[in-house]
Structure formats: structure tokens, C-alpha cells
Amino acid sequence: QVQLVESGGGLVQPGGSTRLSCAASGETFSRYAMAWFRQIPGKEREFVAANTGMFGSTLYADSVKGRFTFSRDNAKATMYLQMNNLTPEDTAVYYCAARTSRIILSSARQEALYTYWGQGTQVTVSS
């Protein structure tokens, strides 16, 4: 069983930045495929970014490419989402997700492949 605990987010002004964190339990975190998804009320959850695990590759949604950066600290069993140049369209509840094995990059967008989910953290971009 893997537990994911998110932190960060809150209210951010347009053009601003914030960083989300997701701390995971488990001794083999470095092997986990990890991802961020987000959901706007009334809409389906959408893919944001993912890392395929253990020296793997990172994939970004086109809508965040160049503005968001995924990173992970395997020693701390924590992943991060640095979010820059935020716009109101980035307002959503952000979820971290994990799978305790690697996945191939082409599958990283598939929500169903991730077994464990964080509780979600709200990011609101508004002046």
C-alpha cells in the first residue's frame, strides 16, 4: 500500500509561480511511475505530467509544456511540480498519482494505469 500526501498550491496571481509536493510511502519509490493530473469542476480529470520511473523519461501535456517542471527526489520519496507563468486556466484541483512499477512513456497519460492517488490540492490562479 502506498500513501501519497500532497502539499502546496493555494491562491496565485496570474503570471505567478507555485510548487506542489507529493510525498510517498514505500521503500522502492525510485521505481515508481509518478504523475500529476488536474481536474476542473464539471470536467474530467486531465493529464499534466508524468515520469516513467527509475531513470525514466518525463512527459508533459501540451498545455503546460515550457511552464511546468516535474521533478523527483528519490532519497526523500517526494515528487514536485514547479508551476510557472500560471494563468486562470490552470485553476484546478491537482492530484498526484503513483504506480509501483515503471510504465512506457506512450502510456503515461492513462489515468487508469495509476494505482494510488493523493487527496488533491487546490490551485487557484486569480488576481
Side-chain angles (χ1 to χ4, degrees):
Q1 189 77 7
V2 175
Q3 292 187 326
L4 303 176
V5 179
E6 301 179 27
S7 59
L11 178 63
V12 186
Q13 289 193 340
S17 299
T18 194
R19 188 178 78 162
L20 306 181
S21 301
C22 177
S25 62
E27 296 180 353
T28 57
F29 175 80
S30 63
R31 301 178 186 175
Y32 296 176
M34 303 290 294
W36 290 97
F37 288 79
R38 66 186 182 185
Q39 188 168 26
I40 301 168
K43 293 191 175 183
E44 292 186 355
R45 192 153 51 186
E46 66 175 12
F47 170 78
V48 176
N51 179 269
T52 57
M54 190 64 106
F55 309 119
S57 301
T58 301
L59 180 69
Y60 295 95
D62 288 344
S63 60
V64 307
K65 199 175 297 182
R67 300 187 299 122
F68 291 10
T69 303
F70 180 109
S71 63
R72 61 193 296 166
D73 185 334
N74 291 330
K76 295 182 178 179
T78 301
M79 72 171 185
Y80 306 94
L81 186 68
Q82 177 66 41
M83 306 162 66
N84 298 330
N85 194 21
L86 287 160
T87 72
E89 289 69 37
D90 295 315
T91 296
V93 176
Y94 285 74
Y95 297 90
C96 62
R99 174 186 172 93
T100 57
S101 60
R102 293 190 63 183
I103 57 175
I104 59 175
L105 193 63
S106 59
S107 300
R109 300 174 186 269
Q110 298 180 32
E111 184 177 333
L113 293 181
Y114 298 93
T115 312
Y116 303 100
W117 291 81
Q119 78 282 7
T121 186
Q122 177 71 45
V123 174
T124 301
V125 184
S126 175
S127 56

So, for Tyr95 and Gln119, which heavy atoms are closest and what is the spacing to 0.1 Å? CE2-O, 3.7 Å
In the hydrophobic cluster built from side-chain contacts under 4.5 Å, what are the other members alongside Phe68? Val2, Leu4, Val12, Leu20, Phe29, Tyr32, Met34, Trp36, Val48, Tyr60, Val64, Phe70, Met79, Leu81, Met83, Leu86, Tyr94, Tyr116, Val123, Val125
Pairwise salt bridge (Lys or Arg N to Asp or Glu O under 4.0 Å) hits with a residue in residues 113-127, at least two apart: none
Please identify each residue that fulfils side chain to side chain donor-acceptor pair (under 3.5 Å) with Ser7, with sequence neighbours left out. none
Pairs meeting criterion salt bridge (Lys or Arg N to Asp or Glu O under 4.0 Å) with involvement of residues 88-97, two or more places apart: Arg38-Asp90, Arg67-Asp90
Kindly write out the residues that satisfy salt bridge (Lys or Arg N to Asp or Glu O under 4.0 Å) with Arg45, not counting sequence neighbours, or none if the list is empty. Glu111
Shared-cluster residues of Val5, by chain and number - hydrophobic side chains joined below 4.5 Å: none
With rounding to the nearest 0.5 Å, note down the distance linking CD in Glu46 to CD in Glu44. 10.0 Å
If the condition is side chain to side chain donor-acceptor pair (under 3.5 Å), which residues does Gln122 pass it with, not counting sequence neighbours? Thr124
Give every residue pair that meets the salt bridge (Lys or Arg N to Asp or Glu O under 4.0 Å) criterion with at least one member in residues 117-127, sequence neighbours excluded. none
Lys43: side chain to side chain donor-acceptor pair (under 3.5 Å) partners, not counting sequence neighbours: none
State which residues pass side chain to side chain donor-acceptor pair (under 3.5 Å) with Asp73; sequence neighbours excluded, sorted by chain then number. none
Over all atoms of both residues, closest heavy-atom pair of Lys76 and Thr78: O-OG1, 2.9 Å
Whether over 12 other heavy atoms sit under 6.0 Å from Arg31 CZ: no
Quick one: side-chain hydrogen bond (donor to acceptor under 3.5 Å, both in side chains) pairs with a partner in residues 14-25, sequence neighbours left out? Ser17-Asn84
Distance (rounded to the nearest 0.5 Å) between Ile103 CD1 and Arg109 CZ: 11.5 Å
Residues that Ala35 engages under side-chain contact (heavy atoms from CB on, under 4.5 Å), provided they are two or more places apart: Phe37, Ala50, Tyr114
Give a yes or no answer on whether the side chain of Thr52 reaches the backbone of Ser57 with a donor-acceptor pair at less than 3.5 Å. yes
For Arg99 and Ala33, indicate whether the former's side chain and the latter's backbone hold a donor-acceptor pair under 3.5 Å. no
